[in-house]
Amino acid sequence: MPVGAVFLWLKRRWRLASGVALAGLAALTGATVLRAPAGLSPQEIDTLYSVPLPAPDAPMQVFHLGHSLVGRDMPVMLQQLVTAHFGADGNAAQHHSQLGWGTPLRAHWDPSEPINGFDTENDHPNYRDAKSALASGRYDAVVLTEMVEIRDAIAYFETADYLARWAESARAGNPAVRVYLYETWHEVTDPEGWVTRLDRDLTRYWQDQILWPAVAQDPDRQPIYLIPAGQVMAAFTRRVEAVGGVTGVTDRQSLFQRSESGELDPIHINDLGAYLVALTHFAVVYQHSPVGLPHQLTRADGSDMQTIAAETAALMQETVWSVVSGQPYSGFPAK
């Protein structure tokens with residue numbers, strides 16, 4: 001079964017099973033299931049993120065926890081960007097991961113919940129068991145990724161709670177670790193409008209119902225920083241579509257995979273999308289502009305990635321920096 005079809009099947013199963021369970025709970029108790037309040041005032045949030053992150057002066061050891069929107073290729077692309085940035089010293093950068101198919105943070109945490117696609121997605125040399133890896137204390141940065149549809153994750157899989165648990169686990173292993181939440185996206189064919197939802201979801205879901213409630217659970221109120229890949233994709237889409245396309249990219253769908261028959265995969269990104277997301281990770285994790293970084297990279301299997309025209313790569317790099325720089329929730333000084 002193609003990955004896209006597997007993803008859609010799993011999403012329907014999760015939504016049905018979890019929705020029935022919550023509906024039953026509400027029926028038994030007569031209660032309405034509501035999310036917990038964020039517990040942080042706007043002033044507290046602004047204060048918490050008012051101190052910018054210093055840019056690392058050496059390559060970081062990074063752990064990625066998530067699913068196929070992390071994938072194998074994007075972290076490898078990120079590592080190549082780091083090597084290009086730091087020169088020979090960049091070869092010291094290492095990344096490891098634990099992935100699944102559409103896996104929520106709760107399933108990664110709870111051994112009683114199956115991780116669909118675990119054997120397939122982790123059949124590579126960069127796999128490490130997540131809990132053991134974080135307990136080792138070797139990682140400078142931990143990037144956490146929630147399943148999509150993000151509305152379902154919040155409603156049925158306690159995203160904020162499990163984000164807080166994973167952040168606590170990372171800090172128990174290394175108190176100086178930097179913890180990140182990777183903002184992803186929904187299906188490009190979403191009837192509400194792909195860019196429209198990216199605009200709306202940042203505040204209504206990623207911040208108000210995930211990030212702030214998770215940070216509020218930490219007694220020390222330590223920041224979890226945002227890698228705003230969804231916002232970057234929206235900004236790049238607007239720039240491309242405003243001029244009727246650029247070399248190799250005609251519109252938003254150009255960032256997504258297609259089957260051999262040409263059928264669109266509405267959720268999984270291709271090499272162009274993975275490169276854009278890798279640039280976003282680089283800019284946030286290293287607090288540095290990605291402008292000028294190489295754009296001809298290799299995939300995890302060693303093959304050359306899809307060719308990106310120099311002018312298109314430059315537009316991607318400039319777009320990333322325009323979005324993330326000046327974003328205090330990503331560790332930058334506010335503009």
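Sequence positions, counted from 1, serve as the residue numbers for this chain. Treat the numbers as computed from the prediction; the structure is a model and nothing was measured.
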The criterion is side chain to side chain contact (heavy atoms under 4.5 Å, CB included); which residues satisfy it with Arg165, sequence neighbours excluded? Trp109, Tyr162
Side chain to side chain donor-acceptor pair (under 3.5 Å) between Arg221 and Thr47, intermediate numbers included: CA-CA 11 Å; Arg221 293 292 198 269; Thr47 300; over 6 Å; no
So CG of Leu69 and CE of Met147: to nearest 0.5 Å the spacing works out to 11.0 Å
Answer yes or no: is there a side-chain heavy-atom contact under 4.5 Å between His281 and Val62? no
So, Tyr286 side chain and Met60 main chain: donor-acceptor pair closer than 3.5 Å or not? yes
Quick one: NE2 on His288 to CG on Leu293, what's the gap to the nearest 0.5 Å? 8.5 Å
Nearest non-hydrogen partners of Ala107 and Pro114, listed with the distance: CB-O, 4.0 Å
Distance, nearest 0.5 Å, that separates CE of Met305 from CE of Met77: 4.0 Å
To check you understand the geometry: which heavy-atom pair defines the closest contact between Thr189 and Pro266, and what is its length? OG1-CB, 3.8 Å
Distance (rounded to the nearest 0.5 Å) between Ile269 CD1 and Ser254 OG: 13.5 Å
Measuring centre to centre across the rings, with the benzene-like ring taken for any Trp, is Tyr205 within less than 6.0 Å of Trp185? no
Nearest heavy-atom pair of His67 and Gly102: which atoms, and what distance? CB-N, 3.6 Å
Could you go through Tyr49 and Trp212, starting from their C-alpha distance and side-chain angles, then the distance that decides it, and tell me whether this counts as ring pair (Phe, Tyr, Trp, His ring centres under 6.0 Å)? CA-CA 11 Å; Tyr49 288 89; Trp212 309 150; 5.6 Å; yes
For a side-chain contact (heavy atoms from CB on, under 4.5 Å) with Leu181, tell me which candidate from Thr159, Leu211, Val215, Ile227 qualifies. Leu211
Once you round to the nearest 0.5 Å, how far does OG1 of Thr280 lie from OH of Tyr275? 10.5 Å
Near Glu263 CD, under 6.0 Å, is it more than 12 heavy atoms from other residues, nucleotides or ligands? no
Measure the CG-CG distance between Leu78 and Asp73 for me, rounded to the nearest 0.5 Å. 12.5 Å
May I ask you to test the Glu311-Val246 pair for a side-chain heavy-atom distance under 4.5 Å? no
Please find the pair of heavy atoms, one from Val76 and one from His95, that lie closest to each other, and give the distance. CG2-CE1, 3.8 Å
Within the 3.5 Å criterion, strictly below it, is a donor on His268 or Ser68 matched to an acceptor on the partner's side chain? yes
Look at Arg151 together with Glu146 and state whether they make a salt bridge at an N to O cut-off of under 4.0 Å. no
Is it true that a side-chain atom of Gln287 and a backbone atom of Ser330 form a donor plus acceptor pair closer than 3.5 Å? yes
Take Lys131 and Glu168 through the salt bridge (charged side-chain N to carboxylate O under 4.0 Å, His left out) test and state the conclusion after the steps. CA-CA 11 Å; Lys131 288 188 176 179; Glu168 180 182 27; over 6 Å; no
For Arg178 and Asp140: C-alpha separation, side-chain torsions, deciding distance, then whether salt bridge (charged side-chain N to carboxylate O under 4.0 Å, His left out) applies. CA-CA 6 Å; Arg178 297 180 178 186; Asp140 306 300; over 6 Å; no
With ring pair (Phe, Tyr, Trp, His ring centres under 6.0 Å) as the test, would you mind laying out the steps for Phe282 and Trp321 before giving the verdict? CA-CA 10 Å; Phe282 173 86; Trp321 193 239; 9.1 Å; no
Is there side-chain contact between His108 and Leu144, with at least one heavy-atom pair below 4.5 Å? no
State whether a side-chain donor-acceptor pair under 3.5 Å links Thr319 with Arg239. yes
Side chains of Gln296 and Asp304: is there a donor and an acceptor less than 3.5 Å apart? no
Flag if over 12 foreign heavy atoms under 6.0 Å of CD, Gln61: yes
Determine whether Val285 and Tyr225 make a side-chain contact, defined as any pair of heavy atoms from C-beta on separated by less than 4.5 Å. no
Mind checking whether Val240 and Arg252 have side chains closer than 4.5 Å, heavy atoms only? no
Within the 4.5 Å heavy-atom criterion, are Leu226 and Leu202 side-chain neighbours or not? yes
Less than 4.0 Å between a side-chain N and a carboxylate O, is that true for Arg258 and Asp265? no
Are Trp206 and Tyr182 an aromatic pair by the rule of ring centers under 6.0 Å? no
Can you name the residues that form a ring pair (Phe, Tyr, Trp, His ring centres under 6.0 Å) with His124, not counting sequence neighbours? none
Are the charged groups of Arg197 and Glu149 less than 4.0 angstrom apart, N to O? yes
Taking every non-hydrogen atom, the tightest pair across Glu187 and Trp194: O-CD1, 3.3 Å
Intermediate values then yes/no, side chain to side chain contact (heavy atoms under 4.5 Å, CB included), Asp46 and Tyr329: CA-CA 9 Å; Asp46 289 344; Tyr329 307 143; 3.6 Å; yes
With a 6.0 Å cut-off on the ring centroids, do Phe63 and Trp166 count as close? no
Heavy-atom side-chain contact between Gln217 and Leu163 under 4.5 Å: no
For Leu99 versus Gly71, what's the shortest heavy-atom pair and its separation? CD1-O, 3.6 Å
Aromatic ring proximity Tyr127/Phe118, centre distance under 6.0 Å: yes
May I ask you to say whether Arg72 pairs ionically with Asp301, meaning some side-chain N is under 4.0 Å from a carboxylate O? no
